[in-house]
Every structure is written in structure tokens, then in C-alpha cells.
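Contents: one structure, followed by commentary.
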Amino acid sequence: MQLDKVYEPRRFEPRWAQWWVESGIYRAEYQPADSDKARPAFSLVIPPPNVTGSLHMGHMLEHTEIDVTVRWHRMRGDTTLWLPGMDHAGIATQMVVERQLAEEGLDRRAMGREAFEARVWKWKAESGGTIKRQMIQLGASCDWSRERFTLDPGLSRAVRETFVSLYEKGLVYRGEYMVNWCPRCRTAISDLETIHEETAGHLWHIRYPVVGKSDQYLVVATTRPETMLGDTAVAINARDERYRDLHGRMVRLPLMDREIPIILDDIADPEFGTGVVKITPAHDMNDFEAGKRHNLPMIQVIDESAKITLAGGSYAGLDRYEARERVVEDLKDLGLLDSVENYTLSLGKCSRCKTPIEPLVSKQWFVKTKPLAAKAIQAVDEKRIEIIPENWVKTWNEWMHNIRDWCVSRQLWWGHRIPAWYCDACGETIVSRTDPDSCSKCSGALRQDADVLDTWFSSGLWPFSTLGWPDKTDDLKHFYPTTLLITGFDILFFWVARMAMLGIEFMGDVPFRQVYIHGLVRDAEKQKMSKTKGNVIDPLIVTEEYGTDAVRMALLSGAAPGTDIAFTTDRIDASRAFANKIWNAARFILSNPDTESESLFEDLWIRSRFNECARQMNEAIQAFRYHEAAQTIWHFIWDDFCDWYIELKKIRGNWRWARTVFVDTLCLLHPLMPFITEELWHRFVEGEGKSISLESYPQFNLILFQPEEEEEMDLLQNIVRAARNLRAELGLDPKQPLEGKISIGIDAELLRRLCGVTFTRGDVPKTGAVRSTPDFDLSIDVPTGQIEAQRRRLEKERDQLMKNIANSQRQLNDEVFLSKAPAKVVDSIRAKLAEYEAQLAKIEASLNG
RNA sequence: GGGCGCGUAGCUCAGUUGGUUAGAGCGCCUGCUUCACACGCAGGAGGUCCGGGGUUCGAGUCCCUGCGCGCCCACCA
């Protein structure tokens with residue numbers, strides 16, 4: 001079949017993408033562990049993308065790195081499982097659907113829980129396939145027969161089992177604590193879901209009159225004056241001399257006309273502001289703690305929608321920010337506003353909707369994390385979980401050691417309903433694996449907890465819930481612990497940490513042996529890609545334009561561990577050119593007859609180079625050094641194979657060898673560029689239903705190493721380069737045949753074909769167009785008028801050599817160096833010096849001649 | 001307030017345990033429509049490895065410090 005001159009990925013990629021899925025060749029089939037045919041297992045679960053989302057460049061990088069590794073393992077003969085799936089993504093998905101409803105003028109509360117859930121499922125059915133289609137298109141070689149969704153019945157059972165079991169162990173509890181409340185989402189969120197942003201604000205200084213001491217005030221500073229409505233104390237530091245006489249007194253809370261105590265507490269920092277702090281136990285995390293220490297009453301003055309409650313007196317019903325203005329106005333009128341200064345504060349916001357968090361006390365479910373974290377810390381310490389790059393271990397430990405209990409209940413409707421029931425009659429709480437009919441204590445009617453679990457609770461079970469847990473399945477036996485996890489640092493705590501804790505707790509073993517943390521894909525200006533900045537690159541669009549392989553290669557070539565990737569179209573251009581290069585190499589090889597003859601030195605040479613390339617590829621992929629793998633194969637194909645080997649084959653046939661090496665090279669490249677390699681492989685290899693992805697991956701083989709041929713090729717290349725360089729320098733017509741002399745014996749015909757100079761062996765003239773190297777001298781016959789450029793070049797070279805010689809001599813005269821440096825280094829300098837001197841002599845002879 | 005990372009050619013970045021002439025891609029310059037490929041071929045220019053100090057026979061690489069930039073964590077009113 002005739003191949004096009006330019007590689008058109010669109011003509012081939014969709015077909016292979018589809019076939020890889022339909023043929024089911026990536027299904028992980030294992031033999032019983034005790035059978036002769038049992039192979040080592042390699043398993044990896046996908047970081048499940050949001051079911052209603054679509055792929056972005058970060059996914060593509062992640063999936064490419066995973067796919068390279070997975071394909072490599074598969075080709076090495078491991079029983080390989082890449083388990084795909086999606087996450088229901090509680091808040092994110094619910095928000096999307098709520099927004100849709102809003103556009104239709106609907107509200108979830110009005111339509112009711114069941115109808116709303118049905119609506120989300122409908123949306124999931126519509127959009128849920130997007131990611132899967134995209135992944136398939138990008139060549140992800142996962143096992144779709146094992147695809148999972150966090151809300152599947154099986155996974156829901158795992159969630160319930162985990163929750164109940166944690167409850168029974170006392171690791172899950174319900175209680176009234178201060179939580180991060182998002183007034184817009186109307187739900188509690190975890191610490192991790194709040195982001196802190198530097199925000200311009202004010203520090204209001206307010207006078208609190210001291211009871212029984214007319215005209216004396218305590219001035220408190222606050223960034224949130226509206227919370228004073230709920231103040232139940234002011235605090236001063238016991239060491240603070242200024243307020244010593246006020247110990248035990250009361251102040252009158254302005255606006256509310258309430259007497260509150262002056263307490264002594266370290267919460268007040270004498271160095272900060274006036275050294276006096278107002279205490280609002282119901283609306284500040286610190287104050288909440290202080291309130292508990294001093295048994296202060298807790299007055300909730302802000303409600304779940306961030307409006308002032310009835311307890312806020314005349315301010316009731318106002319939004320918290322309206323209330324703030326009013327409070328400040330009123331204080332001003334009363335002459336109780338001491339001063340206002342500008343102040344930037346770190347304001348906690350909801351990571352989803354950016355609404356400022358309202359700390360509220362509410363009844364929520366928590367996971368007691370300290371005991372779980374301890375085991376996870378230990379696992380990393382003992383390298384049962386290996387985190388790569390290693391510097392993330394520090395971050396891991398830092399977070400794990402300071403972990404706080406995890407608020408897992410969410411006031412949402414989309415998610416796993418908390419398996420807890422309350423009996424209104426007797427107050428009993430029942431947490432159960434199965435839905436109870438009535439109260440086990442008083443047979444009263446039960447009411448299930450209205451809340452759902454944090455999305456990350458179910459994701460935290462992913463490595464084993466997807467394999468069938470809590471049942472004892474064969475999949476679990478074969479694939480747990482999973483071998484590797486490849487993910488981004490942004491979900492290290494959200495997800496990786498939770499999996500580690502829950503995996504160890506419930507499986508008794510780590511969920512993964514290695515975690516590779518990949519970098520971030522940034523835009524050409526190194527900015528983070530984000531929808532709000534509008535600099536996101538849609539993988540589907542670029543792959544459509546350049547081909548999936550080219551984009552994969554572009555990503556991989558920048559994927560050095562521990563670094564982010566600046567994604568530029570230049571890089572993809574280069575990768576596309578690379579794909580085209582391979583395509584044309586294949587085209588050319590195929591256009592030549594598949595004849596065999598005696599193997600020549602270049603055949604042995606290319607095998608030797610290939611062998612070295614294979615060694616490096618294996619090492620690089622093993623170590624997650626994807627950029628190195630990309631560079632290695634790139635260099636081998638373009639420079640060694642195309643520029644030298646094919647050029648030599650043009651001169652003297654034996655295309656059988658070329659075919660063999662090329663097909664093996666396709667195997668080497670396949671994990672990185674699956675489409676073009678699959679397509680081309682089928683042009684060389686017979687067999688319906690076969691796939692290059694099931695071939696074995698080339699390994700280093702000492703037998704193929706050919707030092708002599710490598711040396712000979714080195715010499716040939718140097719001669720050819722020297723001659724070409726000379727021609728270019730002399731400004732000669734590249735096509736003009738030339739004559740020359742060379743000091744060593746070498747295949748003259750080969751040289752003539754490669755550089756257009758017919759060399760005869762013999763004495764090389766000292767002057768004229770001469771090139772000298774330690775290994776050979778050569779000259780080209782040219783009219784004397786054309787060698788001025790050559791002379792300037794020689795002078796430059798001479799200067800460089802003299803500098804090198806001086807350097808080497810200085811070192812060799814240095815006794816300390818001689819005594820301390822390894823003999824290897826000293827010898828190499830001696831050898832170099834000899835070379836420099838010999839060359840210098842030649843050059844000077846030319847110049848003086 | 002803690003922690004992590006970055007600063008190497010015009011641009012984007014490699015550089016594994018310190019070893020002697022620091023690499024790649026893109027861009028740039030010169031010459032080639034050579035019968036696989038102009039998404040190509042050949043040749044070339046371009047770097048005081050952010051500044052300063054130190055360890056060492058030897059530092060882009062290790063240590064300290066300064067400057068610039070980025071990120072993460074944290075309940076400082």
C-alpha cells in the first residue's frame with residue numbers, strides 16, 4: 001500500500017483507539033497465583049476524574065504518564081491492570097446541576113430530594129461518557145471491563161461498611177463543633193476545602209466601657225465587627241501590665257447592652273494591637289476554644305445563610321456584611337469607634353464558590369484521624385509506601401503530623417447518604433450496614449440522617465473498593481496492594497493521604513507501593529492553566545490538530561520529575577515533525593526490497609546503538625524519567641537511525657536488517673507514541689488481531705554490544721563531518737565532486753557517497769584545506785585562492801588549543817592535584833595534553849607553510 | 001509564621017552519585033527543492049551556569065548568605 005508523504009494522524013488514530021477498546025486486549029487476565037503461567041502483577045487505579053467534567057491538559061499529562069508506564073509493564077510481560085473510573089464529585093456536580101436548574105427557574109429545595117437526585121443521575125448519564133470517550137481517544141490502555149463509579153452499588157456498599165466499621169471502632173463520631181460553613185453551598189466543608197486568600201480589609205478598634213469605672217474603656221481590635229453581637233467575653237493577657245487592675249471586672253458590650261466578663265487568656269497577645277481581644281465563641285475557631293476553656297456562653301448571631309439571627313437584636317435578618325456596616329455606623333454614633341485602620345487579612349473562602357467561610361458551630365460527623373494518620377506516617381517512614389520525588393515526604397509528614405479530625409458530613413443531596421438513623425422517640429442513634437425498620441431500643445420510628453458523605457470518603461476507598469471489597473475477590477488478591485499511583489500534588493492530602501489511612505486500616509496493607517507525583521501543566525507563559533484566566537488548552541483540540549502521539553510526546557519531553565511543564569506549541573510542532581520523520585523512515589524502508597545479505601559493520605553498529613537505547617529506555621521509564629525516555633528514543637531514531645544508518649543503507653542495501661531494527665524500535669517507542677507505532681508495525685508484521693502493544697519490550701542484551709563497530713562508526717562520522725565542515729567553510733558548491741587525501745585507511749567509496757570527496761590514502765599536505773584530528777588528517781584539493789577562511793579558522797583553533805594546553809599543564813604541575821585526584825582523571829588529562837600538542841604542531845605547520 | 005521549589009544559550013528546559021571543551025528542542029545565521037521526509041538535509045553562531053562567600057586538587061552540581069520569582073501549609077484578633 002502506498003503511504004502518504006505526510007503523516008496524517010487523524011486517519012489512523014480513531015481506528016486504533018476504537019479497536020483497542022473493542023478487542024478487549026487490555027483486560028487484565030491473570031492465572032492462579034500457584035500456576036506456572038502466573039506473571040508478576042502490575043496494578044494501578046486511575047485518579048478518578050469528575051464524572052461530569054471533561055479532560056484538561058493536566059489529565060492528559062497524567063494519563064500519558066500512566067499509559068507509558070502501563071504499556072511498558074504490559075510489554076514486559078506483567079499481568080497489567082489499569083483500572084479506570086469516575087468520581088461522583090459531590091459538591092462540584094451538585095453545583096453544576098443546581099446552576100442548570102437555576103437557568104430553568106427551578107430550585108432543588110422546591111423539587112425535593114428524590115426528584116433532584118434523579119435529575120443528577122440523568123445529567124450523569126448524559127455527560128458521564130465524555131471523559132471516557134476522551135480517554136479512549138487519547139489512547140489510554142485501561143481495562144474498561146473493570147470500570148467503576150464511586151456511586152456504584154458495590155462501591156456504596158464499601159462506603160457503608162467502612163463508615164459503620166469506623167463507627168464501631170470509635171473512629172467516627174458525631175458532635176457539635178466549629179466547622180467551615182459555606183453560606184452559599186449551605187454545607188459544612190473540610191479544612192482542605194477552604195482556601196485562604198489575602199484580602200484587603202480593616203481593623204476596627206472598638207471601645208468596650210468597663211463596668212463600674214466611668215470613662216474607662218477597653219479597646220478591642222477586630223476584622224469582623226458584626227460578630228461583636230455574639231461576644232461573651234473580652235480577653236487580656238495575664239502578663240499584660242496595662243490591664244492588671246481590670247482582672248475580674250466586666251465590660252458592657254456596646255449595642256447589645258450586655259455585661260460580659262474580662263477573662264485572662266493567652267489568646268490575647270500583648271504585642272498585637274491593644275492587647276485586648278473580643279471573644280465570640282460561636283463564630284471564630286480560636287474563640288470557640290477559648291469559650292470552652294472559660295465556660296463561656298455561646299451565642300449564635302449568624303445563621304446558615306450568613307444572616308444575623310434573632311439573637312442579634314435589632315440587626316436580626318441583615319446579611320453579615322450589611323450588619324457590619326450598620327454596626328460600625330452605630331458605634332460611630334455612640335462615639336465608641338476608636339479608630340479604623342487598613343488591614344490585609346487572610347480570609348478563608350470556599351474552594352468551590354469563593355464565598356467567604358462562616359465559622360459555625362454545628363452537629364457534624366467526624367473521622368478521628370490521628371490513629372489512622374500514625375499508621376500512614378509509619379508506612380511512608382518504612383518505605384512501604386515510596387513517595388517520588390522524595391521531597392514530598394516532608395510535606396506529607398508535615399500534614400500528617402498536624403492532622404485534625406475530618407469533617408465528613410455534607411449538607412448535600414448528591415452522594416452517599418450517611419448510614420445513621422435517629423429515633424425521635426427515645427433519642428437513640430443507630431449506625432447500621434443495613435437499613436433498620438424501627439428503633440432497636442424503643443421500636444419507635446426512625447429518621448435517616450439527611451446528610452451525605454464527603455466525596456473524598458468514597459475516593460479514599462478507591463484502590464480496594466474498585467477491586468470488589470468488602471468481598472474477598474480474586475481481583476483483590478491479585479491486584480492489592482496496587483503497584484503504583486500516579487497523581488498530582490494538589491490531591492496529596494485530599495486523596496492520597498486518605499487512601500493511605502483507610503487502606504491500611506481496612507486492608508491491613510498499604511493501598512499502593514509507590515506514589516509518583518507529577519508536575520503541573522502550565523501555559524507558554526508558565527501560568528497555571530485555569531478557566532478564569534482563559535488560558536486552558538483543550539487536549540481534544542490540540543490532539544485533533546497535531547495528533548495524539550505528538551501531544552503525548554510534547555508532554556513527555558517536558559516531564560522531568562519534580563518540575564512543571566510549560567506547554568508550548570513549539571514543542572508540539574517539534575513532536576509532530578518527529579512523528580512525520582518516523583513515518584517517512586518507514587515509508588522509505590518499505591519502498592526498498594526486503595532482501596538479506598551479509599551484515600555489514602553499520603548493521604552491527606545500529607544494533608549496538610539500539611541495545612544501548614533500550615537499556616536507557618527501560619531505566620528511564622522505571623524511574624519515571626519520562627523526559628529522558630522521550631529524548632533517548634528521539635535521538636536514536638532521528639540521529640542514529642535516520643541520519644546515519646539509513647544513509648548508509650542507501651549506499652549498500654541489506655534492508656532486512658533495517659526492517660528488523662526498525663520494527664524493534666517501534667516496540668521501544670510504543671509506550672510513548674502508541675498510535676503511529678501500532679499503525680506502522682502492522683505494515684511490517686503479518687497477523688490479524690495482533691497488536692504491537694502485546695509484543696515484548698526490548699531489553700538490554702550484552703551480546704549486541706559492539707564496541708569495535710561503535711568506534712569505527714565514530715571515526716567514520718568524524719571524517720565525514722570534518723570533510724563537510726571543510727566544504728562549507730570554503731564555500732564550495734555542495735554538489736561539486738572533490739578530491740582529497742586522508743592519513744588512514746577507510747572505505748573510500750562510503751566516504752565519497754557521504755561527503756562528496758574522493759579520498760585517496762597517503763601523505764596529507766601540510767598546507768591548504770587541511771583538517772587535523774588526533775585520529776586522522778585529511779585535506780581537500782581546492783584552488784589556493786579559496787583558503788583564507790580556512791586560515792582564520794586554523795588560527796582560532798590554535799588559540800583554543802594553546803589555552804587548553806596551558807590549562808592541562810598547570811594541572812599536571814600541581815602536586816596537590818596529582819596526589820589527590822584519581823589516576824583515571826590524571827591519565828585522561830595527560831592523554832588530552834598529548835593530543836592537544838600533536839594537533840597544535842599540525843596546525844602550526846599548516847599556518848607556517 | 002513554618003515548609004518546598006526555581007533562577008543554566010534569544011525562548012522552553014535537561015544536566016543521575018562533584019571530574020576537566022556544560023547539552024537538547026525551538027528560534028537565529030549560511031548553503032541546499034540531493035530520487036523517505038522542507039514537519040527535510042548539511043554547516044554555523046550563541047553560555048562569566050542570578051550575585052557574594054566557603055568546602056575541595058577540582059563546584060552548574062555540596063554548604064552559608066544576598067537578590068528575584070513561584071507554590072503549599074497555618075486559628076494570629
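Throughout, protein chains are lettered first and strands after them, A, B, ... in sequence-line order, and every chain is numbered starting at 1.
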Taking only N/O atoms, report every protein-nucleotides 4-9 of chain B pair under 3.5 Å with atom names and distance.
residue: B/C4; atom: OP1; partner: A/K394; partner atom: NZ; Å: 2.6

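- Ranked by how close their nearest RNA chain B nucleotide is to the 5' end, A/Q839 and A/F567 are led by A/F567.
- Taking only side-chain atoms of A/Y836, from C-beta outward, the nucleotide of B/U21, B/C57, B/C75 with the closest atom is B/U21.
- A/E815 comes within 4.0 angstrom of no nucleic acid atom, judged by non-hydrogen atoms across all strands.
- Taking the P atoms as reference points, B/U30 lies 15 Å from B/A45, given to the whole Å.
- Counting any heavy atom pair closer than 4.0 Å across all strands shown, A/R727 reaches no nucleic acid atom.
- Residue-level contact check: A/R224 touches neither bases nor backbone, having no heavy atom under 4.0 Å from any strand.
- Between A/M617 atom CE and B/U16 atom C1' there is a gap of 17 Å when expressed in whole angstrom units.
- Along RNA chain B, the nucleotide nearest A/L345 and the nucleotide nearest A/R721 are compared for position; the residue whose nucleotide lies closer to the 5' end is A/R721.
- The side chain of A/F493 sits closest to B/C72 out of B/A36, B/C72, B/G19.
- Distance, A/N402 CG to B/G2 C1': 10 Å, rounded to whole Å.
- Comparing atom distances between the A/V277 side chain and each of B/A77, B/C37, B/G43 picks out B/A77 as nearest.
- Among the atoms of the strands shown, none is found under 4.0 Å from any heavy atom of A/G547.
- In this structure, A/K650 forms a cation-pi arrangement with A/F588, its terminal cationic atom sitting closer than 6.0 Å to the ring centre and no more than 45° off the ring axis.
- At the heavy-atom level, A/A268 lies under 4.0 Å from base atoms of the strands shown.
- Using a 4.0 Å cut-off between a side-chain N of Lys or Arg and a carboxylate O of Asp or Glu, A/E197 and A/K349 qualify as a salt bridge.
- Contact annotation for A/E390: no contact, since no heavy-atom pair falls under 4.0 Å across all strands.
- One interatomic measurement links the two molecules: CG of A/L726 to P of B/A42, which rounds to 18 Å at whole-angstrom precision.
- With C1' as the reference atom, B/C69 and B/U16 are 26 Å apart, rounded to whole Å.
- Side-chain N/O atoms of A/E647 and base N/O atoms of B/A42 include no donor-acceptor pair closer than 3.5 Å.
- A/K650 comes within 4.0 angstrom of a nucleotide base, judged by non-hydrogen atoms across all strands.
- B/G31 is paired with B/C41 under the Watson-Crick or G-U wobble criterion, all donor-acceptor distances under 3.5 Å.
- Within residues 569-586 of chain A, the residues having any heavy atom under 4.0 Å from RNA chain B are, by residue number, A/D570, A/R571, A/A574, A/R576, A/A577, A/N580, A/K581, A/N584, A/A585.
- Comparing the P positions of B/C64 and B/G23 gives a spacing of 29 Å, expressed to the nearest Å.
- Between the base of B/A36 and the side chain of A/K5 there is no donor-acceptor pair shorter than 3.5 Å.
- In this pair, A/F636 and A/F641 present their aromatic rings tilted. The plane angle is within the 30 to 60° band.
- Look at the P atom in both B/A9 and B/U56: the space between them is 30 Å, to the nearest Å.
- Across B/G15, B/C75, B/C37, the shortest atom-to-atom separation from the side chain of A/R625 is found for B/G15.
- Using a 4.0 Å heavy-atom distance criterion, A/Y343 is classed as a sugar-phosphate-only contact.
- For the residue pair A/N180/A/D191, the side-chain donor-acceptor check at 3.5 Å is satisfied.
- Across all strands shown, A/C755 has no heavy atoms under 4.0 Å from either base or sugar-phosphate atoms.
- Note: CG (A/D643) to P (B/A36) measures 14 Å, nearest angstrom.
- Donor-acceptor pairing under 3.5 Å is lacking for the side chains of A/Y243 and A/N237.
- Using modelled atom types and a 3.5 Å distance limit, the side chains of A/Q800 and A/N804 yield a donor-acceptor pair.
- Searching all strands for a Watson-Crick or G-U wobble partner of B/G47 with both distances below 3.5 Å returns nothing.
- Looking at heavy-atom distances under 4.0 Å, A/P822 makes contact with a base.
- Note: CD1 (A/I403) to P (B/C73) measures 14 Å, nearest angstrom.
- Residue contacts shown for A/W396 are absent, as no nucleic acid heavy atom lies under 4.0 Å away.
- When the P atom is compared between B/G60 and B/G7, the two are found 15 Å apart, to the nearest whole Å.
- Look at A/R724 and A/E729 and you find no salt bridge, because none of the NZ, NE, NH1 or NH2 atoms lies under 4.0 Å from a carboxylate O.
- When Watson-Crick and G-U wobble pairs are counted only if both distances are under 3.5 Å, B/C4 pairs with B/G70.
- Side-chain contact between A/W181 and A/P359: absent, with no pair of heavy atoms (C-beta onward) separated by less than 4.5 Å.
- Distances were taken from every side-chain heavy atom of A/F489 (C-beta onward) to each of B/A42, B/G2, B/C71; the shortest belongs to B/C71.
- The separation of B/G46 from B/G3, taken at their C1' atoms, amounts to 39 Å, rounded to a whole angstrom.
- Atom P of B/G15 sits at a distance of 31 Å from the matching atom of B/A74, rounded to the whole Å.
- Under the 4.0 Å criterion applied to side-chain N and carboxylate O atoms, A/R11 and A/D4 are assigned as salt-bridge partners.
- OP1 or OP2 of B/A42 has not a single side-chain nitrogen or oxygen of A/N725 nearer than 4.0 Å.
- Taking 4.0 angstrom as the limit, A/W644 places none of its side-chain polar atoms (N or O) nearer than this to OP1 or OP2 of B/C41.
- For A/T548 and A/E13, the side-chain atoms include at least one donor-acceptor pair closer than 3.5 Å.
- Distance A/I565 CD1 to B/G25 P: 19 Å, rounded to the nearest Å.
- Counting any heavy atom pair closer than 4.0 Å across all strands shown, A/D269 reaches a base atom.
- Comparing the P positions of B/G10 and B/G70 gives a spacing of 23 Å, expressed to the nearest Å.
- Not less than 6.0 angstrom separates the ring centroid of A/F662 from the ring centroid of A/W655.
- Counting to the nearest Å, the P atom of B/C26 and the CD atom of A/Q631 are 12 Å from each other.
- Looking at A/E612 and A/Q616, their side chains do bring a donor and an acceptor atom within 3.5 Å of each other.
- Counting non-hydrogen atoms under 4.0 angstrom, A/I267 reaches a base of the nucleic acid.
- Looking at A/E226 and A/H283, their side chains never bring a donor and an acceptor atom within 3.5 Å of each other.
- Put simply, CG on A/L203 is 14 Å from P on B/C76, counting in whole angstrom units.
- Counting heavy atoms from C-beta on, the side chains of A/K649 and A/N654 come closer than 4.5 Å.
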